[in-house]
Amino acid sequence: MSVRSMAAWDARLQYRYGFYAVYAVVTVLFALGLSQLPEAVQTSTLVMVLFTDPGLLGFYFVGALVLFEKNEGVLHALVTSPLSARDYLVSKALSLTFIALVGATVVAVAVHGLSFDPLWFFLGLGFTGLLFAFVGFVAVARFDSLNAYFLTAIVYMVPVSLPLLDHFGIVEHPVFYLFPTQASLVLIGGAFGSTPTWELAYGVGYLALSTGVAYVAARRAFVTHIVRGTKRSTSSADTTGSSLLSGRDLGPVASLAVSDLRNWVRDPLLVYIGLSPFLIGLLARFGVAPLDAAVDFVSLAAYSTELLAAFLFTPAGTLGFAAGFFMLEDREQGILQALRATPLTGRGYLLYRGVVFLGLGFLSTLVMIPLVGLETLAPVPFVIISFVASLHTAVAGLLMASLAANTVEGVGVSKLLGFLIIAPVAAIALVAEPIQFVAGVFPPFWASKATVAVLSGESYFHYLAVGFGYQALLIAGLLQLFLRRAD
C-alpha cells in the first residue's frame, strides 16, 4: 500500500470519526471570535491561535488514532502486511496536517483577508503540523490508554508553548530560538507582517531539521513499541468488566464506586484532572496581576469580572471531560452492558455518575471562586451561581458521551468543550446587549452573565433561572441520546 492510498484511507477514517465536522465548527468559532478583536491585537492573537490549535492538531489526534488502532488490533494487521513504518507514519502526518492547513487557511482568510504571504503561511503551518504529528507518535507509541498519553502530553506542551512569551513580548530572550516552536511562530508571523530575512531562513531551516529529527524518532518508536510490541501476548484486554463485577457482593453501586476510586488513585491523569482546577485557580490568583503588568496591549484588570466568570467554569469543564471519557470507556469495554443485567441498570449507572460528578463539580466551584480572588461574591448569589455553574459538568460529560461513538471521536468532540466556556464569556466582554444574548445558546452564558450582573450591582436571578432550566433540558435530552446509542 502506497503513501497516497494510505493517506486517502486515513482521511476517510478521520472523516468518519468526525474530525472534519469538529474542525468545521472550530474554524467558524475561531473566525467569529478573532474578527471581534481590536485591530491592535488581532494579528498577534491570530498567529497564536493558528499555532496552538491547527498547528498542534496532529499531536492530539494522532495519539487517539494510534491507540484506537492498537486496541482494535488494526496495528497488528498492518505490521504484518507490506505496509512500511514510513508509509504508516507519513500518511498519518500528511492527512492530519491537511485538516490543519484547511482550517488555518479559512480562519486566516476570514480574519485577515487575502493580504498575507501564502509561502511563509503554508511552510510554517505545514512543517508545524508534520512536526507535531511525529512528536505525538513518539509520545503515544509506548502507551495503551488515552489517559496515560494525555498526561504525557502535558510534559510536551508546556515547553513547546514557552516561545509564546516572546511572541507577546512578555519575556524576550535569544534562548527561545532553540525551541522549534519559535521557528513556527516566526514563519507564521512572517506571513502577516515584515520579518527579517535571516529569521525566515532560520524558521525554514530549523523547522525542517526538527521535523526530520521527529520523523526519525517516530519511526524508531514505531519499530520498538508497535512492531515488536505486537509479538507480545496481550491477554488482559477483557479483564476490566470482570474485575468490576467481581465485587458484586458489595452491590452494583458500591462495586462501581470502588472501581472508580481505584481508577482515580492509580491513574496519574485522573489525579491531575482532580487537582487541575485548583492549580489553575492558584495560577490565576498569583499570575493575573504580573501578567497584566507585563502586557501593554490589553488591561486584564478591566475584565476582572469576565475572567472570574471564565475561571468559575474550570472545575465543571474539567470534570465533565473526565466524566465523558469514563462513560465512553465503560461503553467501549462493555461495562455499561454488563451493569444493565444488575439491579443498577443503565439509568442507575447514569444517576450514579451524575451524583458523583455533579457533587464534585459543585464543591470544586465553591472553592474556585475564593481561590481565584479576582472579585468577591455575596454568600447567597455565590452558592446559587456555583450550583448552576456546576450543572455544566453533566452537560459537558454527556455531550462527549452522546455525540461520540468511541474515545477517538471523544477526543474530537472534546475540542469543542473549551468553546462552550470561552465563547459566552468573550461575548459578555466584547459584544453589547442585546446582541450578546445570541451567545445564550452556550449553556455557561447564563451563570457567567449572572456573575457579571451581581458584581455590577444588577438583578441576576432571572439569568440563573434561565440557565438552570436550559441546562436541565439539555441534560434530559442528552441522557436519552446516550441511552439510545448504548443500546
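All residue numbers in this chain count up from 1 along the given sequence. Side-chain atoms are counted along with the backbone in the values below, which use heavy atoms only and exclude waters and symmetry mates.
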Inset, instruction - Output the distance between atom OG1 (T451) and atom CG (L307), rounded to the nearest 0.5 Å. - result: 12.5 Å

Legend entry - Heavy-atom donor-acceptor pair, S35 side chain to L32 backbone, under 3.5 Å: yes

Legend entry - Counterpart residues, side-chain contact (heavy atoms from CB on, under 4.5 Å), relative to A323 (two or more places apart): F357

Inset, instruction - Take L403 and L481 through the test side-chain contact (heavy atoms from CB on, under 4.5 Å) and record every step on the way to the result. - result: CA-CA 8 Å; L403 299 182; L481 180 58; 4.1 Å; yes

Legend entry - Non-hydrogen side-chain atoms of F362 and V383 separated by less than 4.5 Å: yes

Legend entry - Note, L164 side chain near F51 side chain (heavy atom, < 4.5 Å): yes

Legend entry - Residue pairs involving residues 376-402 (criterion side-chain hydrogen bond (donor to acceptor under 3.5 Å, both in side chains); sequence neighbours excluded): none

Legend entry - Neighbour count above 12 (heavy atom, 6.0 Å) for Y303 OH: no

Inset, instruction - Indicate the atoms forming the closest heavy-atom contact of S448 with V425, along with that distance. - result: OG-CG2, 3.8 Å

Which side-chain N or O atoms in residues 95-106 pair as donor and acceptor under 3.5 Å with protein atoms at least two apart or in another chain?
unit_1: S95; atom_1: OG; unit_2: Q14; atom_2: NE2; d: 2.8
unit_1: S95; atom_1: OG; unit_2: S91; atom_2: O; d: 2.9
unit_1: S95; atom_1: OG; unit_2: K92; atom_2: O; d: 3.0
unit_1: T97; atom_1: OG1; unit_2: A93; atom_2: O; d: 2.7
unit_1: T97; atom_1: OG1; unit_2: L130; atom_2: N; d: 3.3
unit_1: T105; atom_1: OG1; unit_2: L101; atom_2: O; d: 2.7

Legend entry - Main-chain N/O of V452 paired to Y460 side chain as donor or acceptor, under 3.5 Å: no

Inset, instruction - Output every pair passing side-chain hydrogen bond (donor to acceptor under 3.5 Å, both in side chains) with a member in residues 433-447, not counting sequence neighbours, ordered by first then second residue. - result: E433-K449, Q436-K449

Legend entry - Contact check, side chains of V367 and L363, non-hydrogen atoms, under 4.5 Å: no

Legend entry - Closest heavy-atom pair and its distance - A404, V413: CB-CG2, 4.2 Å

Inset, instruction - Might you point out which heavy atoms bring V62 and F137 nearest each other, and give the distance in Å? - result: CG1-N, 3.8 Å

Inset, instruction - Look at the side chain of R12 and the backbone N and O of A7, then say whether any donor-acceptor pair between them is shorter than 3.5 Å. - result: no

Inset, instruction - Look at the side chain of H167 and the backbone N and O of L185, then say whether any donor-acceptor pair between them is shorter than 3.5 Å. - result: no

Legend entry - From CA spacing to verdict: side-chain contact (heavy atoms from CB on, under 4.5 Å), V111, F30: CA-CA 9 Å; V111 176; F30 272 136; over 6 Å; no

Legend entry - Test side chain to side chain contact (heavy atoms under 4.5 Å, CB included) applied to L34 and T45, L50, L29, the passing residue: T45

Legend entry - Flag side-chain contact, heavy atom, 4.5 Å: L319 against S364: yes

Legend entry - Heavy-atom closest pair, residues L366 and F382: O-CZ, 3.1 Å

Inset, instruction - Count the heavy atoms of every other residue, nucleotide or ligand shown that sit under 6.0 Å from CZ of F468, and state whether that count exceeds 12. - result: no

Legend entry - Residue pair G467 / V388: nearest heavy atoms and the distance that separates them: C-CG1, 4.2 Å

Legend entry - Distance in Å, M368 CE paired with F311 CZ, rounded so as to fall on 0.5 Å steps: 8.0 Å

Legend entry - Nearest-0.5 Å distance that lies between atom OG1 in T365 and atom CG in L358: 10.0 Å

Legend entry - Q471 side chain vs P443 backbone, donor-acceptor pair below 3.5 Å: no

Inset, instruction - Given side-chain contact (heavy atoms from CB on, under 4.5 Å), test V25 with K415 step by step and report yes or no. - result: CA-CA 10 Å; V25 177; K415 297 290 293 182; over 6 Å; no

Inset, instruction - State the CG-CE distance between L89 and M6, to the nearest 0.5 angstrom. - result: 9.5 Å

Inset, instruction - Give a yes or no on whether the ring-centroid distance for F321 and F325 is below 6.0 angstrom. - result: yes

Legend entry - Reported OG-to-CG distance for the pair S414 and L328, which is rounded to 0.5 angstrom: 10.0 Å

Legend entry - Side chain to side chain, E409 and V22, heavy atoms closer than 4.5 Å: no

Inset, instruction - Consider only side-chain N and O atoms of D10 and Y88, and report whether a donor and an acceptor are under 3.5 Å apart. - result: no

Legend entry - Beyond-backbone contact of L399 with L420, side-chain heavy atoms, under 4.5 angstrom: yes

Inset, instruction - With sequence neighbours left out, write down each residue that passes side-chain contact (heavy atoms from CB on, under 4.5 Å) with V138, or none if nothing qualifies. - result: Y156, A217, A218

Inset, instruction - Would you check if the distance from the ring center of Y470 to the ring center of F445 is below 6.0 Å? - result: no

Legend entry - Qualifying residues under ring-ring contact (aromatic ring centres under 6.0 Å, His included), relative to Y17, sequence neighbours excluded: F68

Inset, instruction - Would you indicate whether the side-chain heavy atoms of V395 and L391 approach each other to under 4.5 Å? - result: no

Legend entry - Approximate separation, where rounding is to 0.5 Å, of L13 CG and L65 CG: 6.5 Å

Inset, instruction - Return the minimal non-hydrogen interatomic distance between M327 and A401, and the atom names on each side. - result: CE-CB, 3.7 Å

Legend entry - Identified side chain to side chain contact (heavy atoms under 4.5 Å, CB included) counterpart of L312 within the set L377, I369, I421: I369

Legend entry - T128 side chain to L125 backbone, donor-acceptor under 3.5 Å: no

Legend entry - Student check: side-chain heavy atoms of V372 and I280 closer than 4.5 Å: no

